[in-house]
K.L.:
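Please find one structure pasted underneath; my questions will follow.
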Amino acid sequence: MIPIYPLAMPELAEVEFFRKQWNCGLGQKIGAVRLHPHARLFRGTNAADLEKALAGRKLLRSEARGKQMLFEFSAGGWLGVHLGMTGHLRQERPDFAPGRHDHLALLQKTQTLVFSDARQFGRVRFHHGPSAPDWWTRFPAPLTSSTFTLAVLETFLRRHGGLPIKAALLLQDGFPGVGNWMADEMLWRAGINPHTPSGNVQGLVLRRLWRIIRWVCRHALRVIGKDFSDPPAGWLMNEKWKRHGVCPIHKTRLQKETLRGRTTAWCILCQGTQKANPS
DNA sequence: TACAATGTTTTAAG
DNA sequence: CCTTAAAACATTGT
C-alpha cells in the first residue's frame with residue numbers, strides 16, 4: 001500500500017503529525033545516509049559530518065516543540081528538523097532512490113526515512129554531544145503547558161505592544177507552533193480584529209484570548225496531529241483558503257487582506273471592520 | 001505571465 | 001540593546 005502524504009504547510013499540529021511518520025524507524029539502525037550536501041536546507045551545519053555521524057547509529061526517540069523537531073540517535077547524535085513552508089517527513093521502501101526534493105534519506109532495513117522540501121525554507125541541523133543542543137533546550141514552553149499563564153501572555157503582548165495582534169501571534173518566541181491559520185482561527189474565536197495593537201488587548205478580552213489560544217492548540221493536536229483529519233465543521237480554517245470563504249457563524253463573506261506580508265482573513269461582524277492605516 | 005503560497009532570517013531604521 | 005518593517009530566500013500552482 002502506498003500512503004498518501006497531505007500537501008499541507010506545517011504548523012503545530014501538522015508538525016506533530018509529520019514527526020510520527022518516522023516512528024516506524026524507532027529502535028532501528030541507519031544503514032546509510034543519502035543527502036544533497038550543498039542543499040540550502042543544511043545551511044549552518046556540515047552536511048558531510050552529518051552523513052558520516054549518522055550512519056550505523058540507532059534512532060532512539062523524537063519530540064516536537066512548536067514547529068521544531070528533534071530526533072535523538074545513539075551515541076549522542078541529535079538531528080534537528082524544521083519543515084519551513086513546504087517540507088514533510090515520510091517513509092519509503094528500503095531501496096528508495098531520492099528524487100530532486102528529497103534532500104535527506106536515512107536508509108534502514110525495512111524502510112527509508114525521507115525529508116523532502118521543495119522550497120527549502122526548512123532546515124536540518126546536527127548536534128553531537130551527551131545532551132540536546134542549546135537551541136532546543138532554550139525553546140519556549142508549549143502553549144498547552146501550565147507554564148503559559150495569563151501573565152506570561154500579557155507580558156509578551158505588552159513587550160510587542162506596537163505590533164498588530166495578528167503579527168504578534170506569529171512570533172515563535174511567544175507562541176511556539178502558531179502559524180497563519182491558527183492565528184486567524186484564534187482571533188476569530190476571540191472576536192479580536194487582527195489589526196488591533198497588541199498592547200490594546202487587555203482585561204476580559206485578553207483573558208478570553210488566553211483561553212482560546214490553549215483551546216485551539218489542544219484541539220488542533222487532537223484532530224490534525226493525530227491523523228491529519230480536517231478540522232471539525234465550524235472552524236474558520238475550513239473557510240480561510242476558499243476563494244469565497246464565509247464566516248462559519250454569520251455565513252457572510254470573510255474580509256481578506258495582506259497584513260505584514262501574510263494573508264489574513266476575518267469576519268467583520270465577529271471582529272469589526274478595522275483595516276490597515278485608518279486615516 | 002505574473003502573482004501568491006499555512007515560514008523564518010536578515011537587514012535597516014527608529 | 002530593543003522593537004518594528006520590509007525584503008530575501010526557491011519552487012510550484014493558479
K.L.:
Run through the side-chain heavy atoms of Ile, Leu, Val, Met, Phe, Trp and Tyr, join any pair under 4.5 Å, and report what else lands in A:Leu70's cluster.
P.N.:
A:Trp78, A:Trp135, A:Trp136
K.L.:
I need the minimum non-hydrogen distance between A:Thr112 and A:Ala105, along with the two atoms involved.
P.N.:
CG2-CB, 3.9 Å
K.L.:
What is the distance, to the nearest angstrom, from the CH2 atom on A:Trp181 to the P atom on B:dA5?
P.N.:
18 Å
K.L.:
Please state whether the phosphate of B:dG7, meaning OP1 or OP2, lies under 4.0 angstrom from any side-chain nitrogen or oxygen of A:His82.
P.N.:
no
K.L.:
Separation of A:Glu11 atom CD from B:dA5 atom C1', in whole Å?
P.N.:
12 Å
K.L.:
Without decimals, in angstroms, what is the distance between A:Leu259 CG and C:dA5 C1'?
P.N.:
12 Å
K.L.:
Can you sort out the partners of A:Lys242 under side chain to side chain donor-acceptor pair (under 3.5 Å), two or more places apart, ordered by chain and number?
P.N.:
A:Glu239
K.L.:
What is the distance from CZ of A:Arg123 to C1' of B:dG7, rounded to the nearest Å?
P.N.:
13 Å
K.L.:
Calculate the interatomic distance between A:Leu169 atom CG and B:dT8 atom P; express it in whole Å.
P.N.:
13 Å
K.L.:
Whole angstrom is fine here: how far is it from CD in A:Glu16 over to P in B:dT6?
P.N.:
22 Å
K.L.:
May I ask you to list the residues sharing a hydrophobic cluster with A:Leu60, side-chain cutoff 4.5 Å, ordered by chain and number?
P.N.:
none
K.L.:
Which donor-acceptor pairs under 3.5 Å do the side chains of residues 138-146 of chain A make with protein atoms, sequence neighbours left out?
P.N.:
unit_1	atom_1	unit_2	atom_2	d
A:Ser145	OG	A:Pro142	O	2.8
A:Ser145	OG	A:Thr147	N	3.3

K.L.:
Nearest whole angstrom, please: distance from the P of B:dT9 to the CZ of A:Arg262.
P.N.:
13 Å
K.L.:
Measuring only the P atom in each nucleotide, how far is B:dT11 from C:dA10? A whole number of Å is fine.
P.N.:
14 Å
K.L.:
N/O contacts under 3.5 Å, protein versus nucleotides 12-14 of chain B?
P.N.:
none

K.L.:
Output all residues satisfying side chain to side chain donor-acceptor pair (under 3.5 Å) with A:Arg159, sequence neighbours left out; order by chain, then residue number.
P.N.:
none
K.L.:
Taking only residues two or more places apart in sequence, or in another chain, which ones meet A:His36 in a side chain to side chain donor-acceptor pair (under 3.5 Å)?
P.N.:
A:His103
K.L.:
Along nucleotides 6-14 of chain C, 5' to 3', which nucleotides get a B, which get an S, and which get a -, given that the test is a protein heavy-atom distance under 4.0 Å?
P.N.:
---BBBS-S
K.L.:
If pairs are Watson-Crick or G-U with both distances under 3.5 Å, what is the dot-bracket string of DNA chain C, marking crossing pairs with [ ] and pairs to another strand with |?
P.N.:
.||||||||.||||
K.L.:
How do A:Thr258 and A:Gln172 order along DNA chain B: which one's closest nucleotide is nearer the 5' end?
P.N.:
A:Thr258
K.L.:
Scan A:Gly261 against the nucleic acid and name what it touches under 4.0 Å (heavy atoms): base, sugar-phosphate only, or nothing.
P.N.:
nothing
K.L.:
With sequence neighbours left out, what residues match A:Thr137 under side-chain contact (heavy atoms from CB on, under 4.5 Å)?
P.N.:
A:Ala132, A:Asp134
K.L.:
Is the side chain of A:Arg125 donor-acceptor paired with the backbone N or O of A:Gly44 at a distance under 3.5 Å, no angle test?
P.N.:
no
K.L.:
With sequence neighbours excluded, give me every side-chain hydrogen bond (donor to acceptor under 3.5 Å, both in side chains) pair touching residues 166-191 of chain A.
P.N.:
A:Glu14-A:Trp181, A:Lys166-A:Asn180, A:Lys166-A:Asp184, A:Lys166-A:Thr264, A:Asn180-A:Lys240, A:Asp184-A:Lys240, A:Glu185-A:Arg189
K.L.:
Expressed in angstrom and rounded to an integer, what is the separation of A:Lys67 atom NZ from B:dT8 atom C1'?
P.N.:
9 Å
K.L.:
For A:Phe96, what are the other residues in its hydrophobic cluster, where any two members join if their side-chain heavy atoms are less than 4.5 angstrom apart?
P.N.:
A:Val114
K.L.:
Taking atom P in both C:dA7 and B:dC3, what distance in whole Å separates the two?
P.N.:
14 Å
K.L.:
Indicate yes or no for a side-chain donor-acceptor contact from A:Gln108 to the backbone of A:Gly25 under 3.5 Å, with no hydrogens or angles considered.
P.N.:
yes
K.L.:
What is the nucleic acid contact for A:Lys240, judged by heavy atoms within less than 4.0 Å: base, sugar-phosphate only, or nothing?
P.N.:
nothing
